[in-house]
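Here the structure comes first, spelled out in structure tokens, and everything after it is commentary.
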Amino acid sequence: MILSMARLGVVAALAFACAGCAFNASPAQGLRFTAPPGWRPSPGIMGFMQFWQSPRDDRSVLMLFKSPKPIQPDALFSSARYRDALRDTTVERQQSIVICGHQPAVYVEAAGTSRTGEPSHVDVVAANVGAVGYIAMYVRPQTDPADAKAEAALRNLCAKS
């Protein structure tokens, strides 16, 4: 009985350890999405979220979110949805775009106030890759110029070939 309880404990520990590997999975797996060189990654969070900080300024951040189902852009992009990241959010522009040569996506530009009270700018690209939805965001202080490589990364929500 003691031996079987010990085995059960070992099996449970191994199962938990293997499951722990998924806790750090990146939502970028299976995508061509990559942050610009030098941007510092966070660990992936259960395969659904990850962020990267700029090497120049830790207030500039790229974020990638993965949804287990397709995204409905009209339901997703409203200023109310940004309140967790930015207060007083104003969606300045929203348009349909094409990424990866043929894949439809939605691009949104917005402005708001960060939790620290700093005026911020956010660029968002949302796309569905198969039955999975992705949202890539680039948030930076409004006074900082945009990083062209970070903006380009947003448009790489493309399935790896």
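Since the structure is predicted, the reported quantities are computational estimates derived from the model, not experimental observations.
Residues G38 and P55 come closest through the heavy atom pair O-CB, 3.5 Å. The minimum heavy-atom distance linking Y134 with Q29 is given by the pair OH-O, 4.4 Å. Summarising the geometry of N128 relative to P70, their closest heavy-atom pair is OD1-CA, 3.2 Å, with the distance given to 0.1 Å. The two residues F33 and A136 make their nearest non-hydrogen contact at CE1-CB, 4.2 Å. Nearest heavy-atom pair across C158 and Q103 is CA-OE1, 4.1 Å. Minimum heavy-atom separation, W39 to S54: CE3-N, 3.4 Å.
Remark: the backbone N or O of K69 is paired with a side-chain donor or acceptor of S67 at under 3.5 angstrom. A donor-acceptor pair is defined here as one N or O able to donate and one able to accept, closer than 3.5 Å; such a pair exists between the side chain of Q50 and the backbone of S42. Checking side-chain atoms of D147 against main-chain N and O of K149 turns up a donor-acceptor pair under 3.5 Å.
Side-chain atoms of V132 and K66, non-hydrogen and from C-beta on, do get closer than 4.5 Å to each other. Annotation: side chain of K160 is not in contact with side chain of L31 (no heavy-atom distance under 4.5 Å). Taking 4.5 Å as the limit, some side-chain heavy atom of L62 sits within range of a side-chain heavy atom of P36. Looking only at side-chain heavy atoms (C-beta outward), V91 and V108 come within less than 4.5 Å of each other. Side-chain contact check for V106 versus V125: every heavy-atom pair is 4.5 Å or farther apart. Within the 4.5 Å cutoff, the side chain of P68 has heavy atoms near those of the F48 side chain. Residues V139 and H121 fail the side-chain proximity criterion, which asks for heavy atoms closer than 4.5 Å. The side-chain heavy atoms of D58 and R40, taken from C-beta on, include a pair separated by under 4.5 Å.
To the nearest 0.5 Å, the span separating CD on E109 from CZ on R93 amounts to 4.5 Å. Note that the CZ atom of R140 and the OG atom of S120 stand 9.5 Å from one another [nearest 0.5 Å].
Using a cutoff of 4.0 Å between basic side-chain nitrogens and carboxylate oxygens, R59 and D57 are scored as salt-bridged.
No more than 12 heavy atoms of other residues, nucleotides or ligands sit less than 6.0 Å from atom CZ of R56.
Legend: residues meeting salt bridge (charged side-chain N to carboxylate O under 4.0 Å, His left out) with R32, ordered by chain and number and at least two apart, are absent.
There is a path of hydrophobic side-chain contacts, each under 4.5 Å, that joins L157 to I97.
In this structure, Y138 has its ring center no closer than 6.0 Å to that of W52.
A cation-pi arrangement, defined by a distance under 6.0 Å to the six-membered ring centre and an angle within 45 degrees of its axis, is present between R155 and Y107.
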